[in-house]
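Values reported hereafter were calculated over all heavy atoms of this structure, with side chains retained and with hydrogens, waters and symmetry mates removed.
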2 protein chains.
Amino acid sequence: MAGQKQVQRQTGVALWRQIADRIRASINHGDFDSTGMVPPETVLALQFGVNRHTVRSALAALAQEGVVRAVQGRGTLIERKERLNFPISKRTRFSQGIGDQARETRATLLDLAEEKADAEIARWLHLRPGDDVIRLETRGEADQRPVSRATSWFPADRFAGIGDVYRMTGSITKAFRELGLSDYIRAKTEITATHADTGDLTDLELSPGAIILITRAMNTDLDDKPVQYSITRFAADRVQFTIEN
Amino acid sequence: MAGQKQVQRQTGVALWRQIADRIRASINHGDFDSTGMVPPETVLALQFGVNRHTVRSALAALAQEGVVRAVQGRGTLIERKERLNFPISKRTRFSQGIGDQARETRATLLDLAEEKADAEIARWLHLRPGDDVIRLETRGEADQRPVSRATSWFPADRFAGIGDVYRMTGSITKAFRELGLSDYIRAKTEITATHADTGDLTDLELSPGAIILITRAMNTDLDDKPVQYSITRFAADRVQFTIEN
DNA sequence: TCAAAATGTCTATTGATATAGACAACTATA
DNA sequence: TATAGTTGTCTATATCAATAGACATTTTGA
């Protein structure tokens, strides 16, 4: 049977754009891992019900992004993206250091809420269980490719409204600065691994069985006061961590 | 200052489509509530940096949706959408009964996870705390307008994989049927009200201070066994409930 | 070595998208 | 009752999006 949702016409979104987005998602999902290449243009054109030239426009856009590389006579190869390197140090920030590895980095806000700290959060943030904390859920992307999803907690009394500031600036570092915290330090990072759960599969465009790297990290201000605790889940095949001593 | 993100060209998404989406979001956000009408076409054209005709295309699309109505000489009025009526009965389902009130209804999957039941979930689903449950978070939309966001829990042993089935069918009722439950009954509904939290503001496109109607509901199978417990948060100015006795 | 299969290039045509300008028609108000 | 402000309509032009067909070029494998 054909795919459940075909491309739509007359919506103001060009067909090549819709097709490019769906092919990229399929690649991230690992649908073509067995061959390492995208199906032939004629096949894709048939599947999507469009002209071959339209598929070529979509593939050209993906080639421009660096997602695929077309080779005449062979086919369109999926570029083995290098793993993004996350240096872990006292100056660890998400966007910093990634900027030169990817053309476009973005963090999208998934959820934002104020809640009471449970025992674990309280321990990391040096609060008492039940104290107000702000929870921020974000997804990190590099070149349209979902890389990580993070849940961060902040002391609500000190960083009231940090969610809204984050929404404006799109950066934790900038949000901190807006709220009067000019600098902070990565005090501790724990790294573990597990299998992807269903939330990972959807948010990170993974297949069942995929591996997730989990970091639990605490940031402090210059007086060693905790300002942020975050749990980040990375798609293991898209990242590596380096620790310099 | 101008808006932080302007419309983008050459992306495969038509300018009129981007502009229409942003105007619709502004309307839902209540930005024009003081006047009850959209700014003049010439002003919008200047704001977005496009020709007036392009703005007109966007407004024509919104008029087609029924969001606005243009009146020559006066301006473009925002249609006071009737509140969606949710009849609450033993046969309460989201999509049913709404279909004839809105042109297009949709439920988008926000999150999906398997977790352990806490005390409250366990009580509603007649389980023991710690039992496995599947949590499903969705947003309900009618005519592109976000109406509600719901969190539902299902007993994991009985409805394993209901999340994936839901993703395919886009309907709880159909997902139940796929998993062998042909019919179910709304056993209990509790209704409360509160102010919107930050999550509501983003997901439902509301302004601070907006009112949220909350339903806590339990569905059972024909043997009175609980099959679903859900907490749904409605934008209060977009819905009404009716209970027939 | 030949043929099949795949991407690359070219021309041509149609419709959608966007800009530009001018003016008509209508509403509200001074 | 003028007049300013607003939406509606028309013509014209340029570019983008999509389709169609033909053929070249390259790779792979029989």
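- The nearest whole Å value for the distance from the CG atom in B:Asn51 to the C1' atom in D:dT13 is 12 Å.
- Residue contacts shown for B:Thr76 are limited to sugar-phosphate atoms, with no base heavy atom under 4.0 Å away.
- Taken to the nearest 0.5 Å, the CD atom of A:Gln18 stands 6.5 Å off from the CD atom of A:Gln8.
- Regarding A:Arg69, its CZ atom lies at a distance of 12 Å from the P atom of D:dT27, rounded to whole Å.
- Spacing between atom CD1 of A:Ile19 and atom P of D:dT19 amounts to 8 Å, rounded to whole angstrom units.
- Two rings, from B:Phe154 and B:Phe176, have their centers less than 6.0 Å apart.
- The phosphate of D:dT7 has neither OP1 nor OP2 within less than 4.0 Å of any side-chain N or O from B:Arg56.
- The separation between A:Arg17 atom CZ and D:dC16 atom P is 15 Å, rounded to whole Å.
- OP1 and OP2 of D:dA18 both lie 4.0 Å or more from every side-chain N or O belonging to A:Arg9.
- One finds a salt bridge joining B:Arg56 and B:Glu41 here, because a Lys/Arg side-chain nitrogen approaches an Asp/Glu carboxylate oxygen to under 4.0 Å.
- Nucleotides of DNA chain C with any atom under 4.0 Å from a heavy atom of chain B span, from 5' to 3', C:dT17 to C:dA28.
- Using modelled atom types, one side-chain atom of B:His29 and one backbone atom of B:Leu206 make a donor-acceptor pair closer than 3.5 Å.
- In this structure, CZ of B:Arg52 is placed 11 Å from P of D:dT9, rounded to the nearest angstrom.
- Counting atom types as modelled, A:His53 pairs no side-chain N or O with a base atom of D:dA17 as donor and acceptor under 3.5 Å.
- At a non-hydrogen distance threshold of 4.0 Å, nothing from residues 25-37 of chain A comes into contact with DNA chain C.
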